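As C-alpha cells, the structure follows; a few thoughts come after it.
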Protein chains: 2
Amino acid sequence: MHSYTEENYLKALFNLSADKGEVSANELSKQLGIKMPTVNSMMKKLSVKKLVHYESYKPLRLTEKGKKEAGLIIRKHRLTEMFLVQKLGFGWEEVHEIAEQIEHLHSPNFFEKMDALLGYPKIDPHGSPIPDKTGKMEWIKYEKLSSCKEGDTVRLAAVIHTTDDFLKFLNLRELSLGVKLKIKTVEKFDGSMTVSHSKKGSDTLSHIVCDRLLVEKL
Amino acid sequence: MHSYTEENYLKALFNLSADKGEVSANELSKQLGIKMPTVNSMMKKLSVKKLVHYESYKPLRLTEKGKKEAGLIIRKHRLTEMFLVQKLGFGWEEVHEIAEQIEHLHSPNFFEKMDALLGYPKIDPHGSPIPDKTGKMEWIKYEKLSSCKEGDTVRLAAVIHTTDDFLKFLNLRELSLGVKLKIKTVEKFDGSMTVSHSKKGSDTLSHIVCDRLLVEKL
DNA sequence: TAAATTTGTTAGATAAGTCTAAGTTCTTAC
DNA sequence: GTAAGAACTTAGACTTATCTAACAAATTTA
C-alpha cells in the first residue's frame with residue numbers, strides 16, 4: 001500500500017501528464033506546493049517502487065503500474081464527488097476538497113457501495129470521466145466551446161479547470177452540465193462569445209471561459 | 001487542529017475513561033497497541049496543548065477541552081456508522097473500520113449533511129449515544145441483560161464491546177436492536193440464560209454475552 | 001517490610017516527509 | 001559559443017511518531 005503522501009504525488013503526476021505523458025519536476029513541485037528537493041527525493045522513492053520512470057535531469061513519467069495506481073485514486077476521487085452531489089446534495093463547487101480526503105480511504109467495500117448506489121456512473125459532476133476498476137480512463141472527444149462557430153448549437157458536456165470560483169461563476173449563469181447553448185456571436189478581437197440558453201436568455205462569455213467549457217455539437 | 005495521531009489518543013482516552021475518569025498509561029498503551037514510552041511522550045505533548053492532565057506517575061485524565069475534542073471525534077465516528085448502515089446498506093459489523101477513517105476528515109459540512117439526512121440521530125447502529133455538537137454525550141441508563149431475572153421481558157437497546165465477531169454472532173441469532181426478549185431460565189452455576197424472541201424461538205446465551213447486551217425492561 | 005513485579009520515565013535511534021543552502025547540469029539569449 | 005538563468009541534485013537539518021534499552025518509582029506479594 002502507498003502512503004497518503006505518495007498517493008498525492010501519483011495523482012498529480014497523472015493529472016499533469018494527461019497530454020504529453022511527461023512532467024517536469026518543476027511543474028510537479030509547483031502543482032503540489034512542495035519544494036523541488038522534496039519532490040526529487042520522492043521521485044527516487046517512487047522509482048524504486050516502480051511507479052515512476054526516473055532518470056537524472058530527464059522528465060518524469062509514470063510507469064504502467066504508476067498509471068494504474070493513480071487512475072484508481074482518481075476513480076475514488078470522482079466517484080466520491082458524484083456521490084456527494086447526487087446523494088448528499090452538495091453543489092459541484094463544494095465537493096473537491098472533501099473528495100481530496102475521502103480518496104485516500106482504504107475500503108474497497110465503501111467505494112463499491114457508492115458505485116452501485118450511483119448506478120456505476122461514467123462521469124463525475126464536472127463531466128470528467130471516472131476511471132474503471134483497472135484504473136483506465138478515457139475522455140470522450142468533446143470540443144472546446146471556444147472552437148465552435150457562430151450559429152452552432154451545443155450541449156455543455158464537461159468543465160475543465162474546475163476551481164470553486166469558476167464553478168460559482170457558472171452557477172450564477174445557470175450553466176450546468178447538459179444545458180443547450182446556441183452561439184449567437186463570436187467577437188474577433190477577444191474571442192468572447194454571446195450564447196443563449198433556454199432558461200436564462202443570453203450571456204457573454206470571455207475566451208478564457210469558453211476555453212474551459214467542453215461541448216458536444218448538436 | 002490536531003493530527004490524526006493525536007485524535008486517536010484522545011478518542012482512546014475518552015473511551016477508556018468512560019467510568020473512572022482516569023486512565024493508566026499502561027491501559028492506553030495496550031488499547032492503542034503503542035509502546036509505553038511513545039504514549040508517555042504523547043501525553044506530555046497533549047498536556048502542553050491542555051488536552052490532558054499529566055503528572056509523573058499519576059493516572060491520566062482528559063481536561064474539559066480534551067473531553068470536548070474527543071467527544072466531537074466520537075460524534076463523527078458514530079454519525080458515520082449510522083450513515084453507513086442506514087444509507088449505504090452496510091451491516092453493523094462492517095462499519096467500524098470505515099468510520100475509523102472517516103472520523104478524521106476535516107469537513108464540518110460533510111458531517112452536517114449526514115446528520116441532517118439521518119434526521120439527527122441520537123444513537124449509532126450499536127445503540128451507543130452520539131455526542132452532541134458540543135461533544136457532550138449521555139448514556140441512557142440501560143441494564144445489562146445479565147442483571148435481569150427469570151420471567152423479565154426486555155427490549156435489546158444497545159451492544160457493548162462491539163467486535164466484528166460478536167456482532168456476527170448476534171446476526172446469526174437475529175439479535176438486533178429493538179428485539180423483544182423473554183428470559184425463560186437463568187442458570188445459577190454459569191449465569192447463562194435461555195431467552196426467547198418472537199421470530200427465532202429461543203437461544204441460550206452465555207454470561208459473557210449477556211454482560212454485553214444492554215436492555216430496557218418492559 | 002523487603003523482594004519481586006509492574007508501571008512509568010528518560011535517552012537515544014529510526015523512518016517519513018518536509019525544508020534551506022549550495023552545487024551541477026541543462027537551456028536560453030545574446 | 002559563452003554567459004546567464006532556470007531546472008535539477010546533493011547534503012544536511014528539522015518535525016512527528018514510532019521504537020528499544022536502561023533506569024526509577026510504585027505496587028504487590030510473600
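Lettering follows sequence order; numbering is per chain, from 1. Just so it is clear, the structure is predicted and the values come from calculations on it, not from any experiment.
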Counting only side-chain N and O atoms of [X], is one of them less than 4.0 Å from OP1 or OP2 of [N]?
{"X": "Tyr9(B)", "N": "dT18(D)", "result": "yes"}
{"X": "Ser3(B)", "N": "dT16(D)", "result": "no"}
{"X": "Thr38(A)", "N": "dG17(C)", "result": "no"}
{"X": "Ser41(A)", "N": "dG17(C)", "result": "no"}

From C-beta outward on [X], which listed nucleotide comes closest to its side chain: [options]?
{"X": "Ile34(A)", "options": "dT18(C), dC8(D), dG8(C)", "answer": "dT18(C)"}
{"X": "Met36(A)", "options": "dG8(C), dA7(D), dT10(D)", "answer": "dA7(D)"}
{"X": "Lys44(A)", "options": "dT10(D), dT7(C), dC8(D)", "answer": "dT10(D)"}
{"X": "Asn26(A)", "options": "dC19(C), dA11(C), dC8(D)", "answer": "dC8(D)"}
{"X": "Lys30(A)", "options": "dA26(D), dA7(D), dC19(D)", "answer": "dA7(D)"}
{"X": "Thr5(B)", "options": "dA11(C), dT18(D), dC19(C)", "answer": "dT18(D)"}

Exercise. Please assess His77(A) against His96(A) for the test ring pair (Phe, Tyr, Trp, His ring centres under 6.0 Å), listing each intermediate value before the final yes or no.
Key: CA-CA 8 Å; His77(A) 182 99; His96(A) 181 74; 4.9 Å; yes
Protein-nucleotide distance ([X], atom [atom1]; [N], atom [atom2]), rounded to Å:
{"X": "Leu60(A)", "N": "dA7(D)", "atom1": "CG", "atom2": "C1'", "answer": "12 Å"}
{"X": "Leu46(B)", "N": "dT16(D)", "atom1": "CG", "atom2": "P", "answer": "12 Å"}
{"X": "Leu28(A)", "N": "dA7(D)", "atom1": "CG", "atom2": "P", "answer": "14 Å"}
{"X": "Glu6(B)", "N": "dT16(D)", "atom1": "CD", "atom2": "P", "answer": "9 Å"}
{"X": "Lys58(B)", "N": "dG8(C)", "atom1": "NZ", "atom2": "P", "answer": "13 Å"}
{"X": "Met43(B)", "N": "dT16(D)", "atom1": "CE", "atom2": "C1'", "answer": "14 Å"}
{"X": "Glu7(B)", "N": "dA17(D)", "atom1": "CD", "atom2": "P", "answer": "11 Å"}
{"X": "Glu22(A)", "N": "dC8(D)", "atom1": "CD", "atom2": "P", "answer": "12 Å"}

Quiz prompt | Distance-only polar pair, side chains of Asn109(B) and Ser107(B), donor-acceptor under 3.5 Å | solution = no
Quiz item: Can any side-chain N or O of Glu6(B) pair as donor or acceptor with the backbone N or O of Ser3(B) at less than 3.5 Å?
Solution: yes
Exercise. Specify whether His126(A) and Trp92(A) have parallel, tilted or perpendicular ring planes, treating 30° as the upper limit for parallel and 60° as the lower limit for perpendicular.
Key: parallel
Quiz prompt | Closest-nucleotide ordering on DNA chain C, the 5'-leading residue of Tyr57(A) and Met42(A) | solution = Met42(A)
Quiz item: Which part of the nucleic acid does Tyr4(B) contact within heavy-atom distance under 4.0 Å: base, sugar-phosphate only, or nothing?
Solution: nothing
Quiz prompt | Reported OG-to-CD distance for the pair Ser47(B) and Glu55(B), which is rounded to 0.5 angstrom | solution = 9.0 Å
